[in-house]
Amino acid sequence: VQLQASGGGLLQAGGSLRLSCAASGRTLSSSVMGWFRQAPGKEREFVATIRRRGGSTVYATSVRGRFTISRDNTKNTVDLVMNSLKPEDTAVYYCAADSGGTIWSEAANRARYVYWGQGTQVTVSS
């Protein structure tokens, strides 16, 4: 399974970005999908997750109301739309997929994800 994240960039605070994650080698509809991020010197942290068939989502408190995760299982993609970006959102953003056995209450747990993309850098200047 390969996950390819794209869409990162450098922008000013208050701006918006759309990250996309495309999968090959696995049908994403069988996976809970998540976005995580890792800032320099910090651990990788949960950002957002979406159920296998879409519909239900969970967000980290720090991004709730600003970020939106969505998926298109027909295209095997998962997106993260980020609005009102802040300097503290600066990080490498990773998309991830579970192996298919995650129960929804554990979907924010990084350890539940076994497939990871290479990451895309998002830098927000003040």
CZ of Arg71 to SG of Cys95: how many Å apart, nearest 0.5 Å? 11.5 Å

Specify the closest pair of heavy atoms between Tyr59 and Ile69, including all atoms of both residues, with the distance to one decimal. OH-N, 2.9 Å

To the nearest 0.5 Å, what is the distance between CG (Asp79) and SG (Cys21)? 9.0 Å

Without swapping roles, check the side chain of Thr77 against the backbone of Ala22 for a donor-acceptor pair under 3.5 Å. no

Answer with yes or no whether the hydrophobic clustering places Leu19 together with Tyr115; edges join I, L, V, M, F, W, Y residues whose side-chain heavy atoms lie under 4.5 Å apart. yes

Nearest heavy atoms of Leu80 and Ala48, plus distance in Å: CD1-CB, 4.2 Å

Same cluster or not: are Val114 and Trp116 linked, directly or through other Ile, Leu, Val, Met, Phe, Trp or Tyr residues, by side-chain heavy atoms under 4.5 angstrom apart? no

Taking Met33's backbone N and O only, do any of them form a donor-acceptor pair with Thr49's side chain (distance below 3.5 Å, no angle check)? yes

Nearest heavy-atom approach of Pro87 to Ala13 is CD-CB, 4.0 Å

Asn76 side chain to Leu28 main-chain N or O, any donor-acceptor pair under 3.5 Å? yes

Could you see if Ile50 belongs to whatever hydrophobic cluster contains Tyr94? Use Ile, Leu, Val, Met, Phe, Trp, Tyr and a side-chain cutoff under 4.5 Å. no

Between the CZ atom in Arg112 and the OG atom in Ser105, the distance rounded to the nearest 0.5 Å is 9.0 Å

Listed once per pair and sorted, the salt bridge (charged side-chain N to carboxylate O under 4.0 Å, His left out) pairs that draw on residues 52-64, sequence neighbours left out: Arg52-Asp98

Report the C-alpha separation of Met82 and Arg66 in whole Å, then their side-chain angles, then the decisive distance to 0.1 Å, and conclude whether the side-chain contact (heavy atoms from CB on, under 4.5 Å) test is met. CA-CA 6 Å; Met82 307 185 295; Arg66 299 188 297 122; over 6 Å; no

With a 3.5 Å distance limit and no angle check, can you tell me whether Tyr113 reaches the backbone of Val32 through a side-chain donor-acceptor pair? no

Any donor-acceptor pair under 3.5 Å linking the side chain of Arg51 with the backbone of Ser56? no

Output a table of donor-acceptor pairs, distance under 3.5 Å, between side-chain atoms of residues 2-12 and any protein atom two or more places apart or on a different chain; print 'none' if there are none.
none

Taking all non-hydrogen atoms of both residues into account, name the closest pair between Val63 and Val47 and its distance. CG2-O, 3.6 Å

Mind telling me whether Phe46 and Phe36 have parallel, tilted or perpendicular rings, with 30° and 60° as the class edges? perpendicular

Given side-chain contact (heavy atoms from CB on, under 4.5 Å), test Thr90 with Gln121 step by step and report yes or no. CA-CA 8 Å; Thr90 294; Gln121 176 71 48; 4.1 Å; yes

From Arg44 CZ over to Arg37 CZ, what is the distance, rounded to the nearest 0.5 angstrom? 13.0 Å

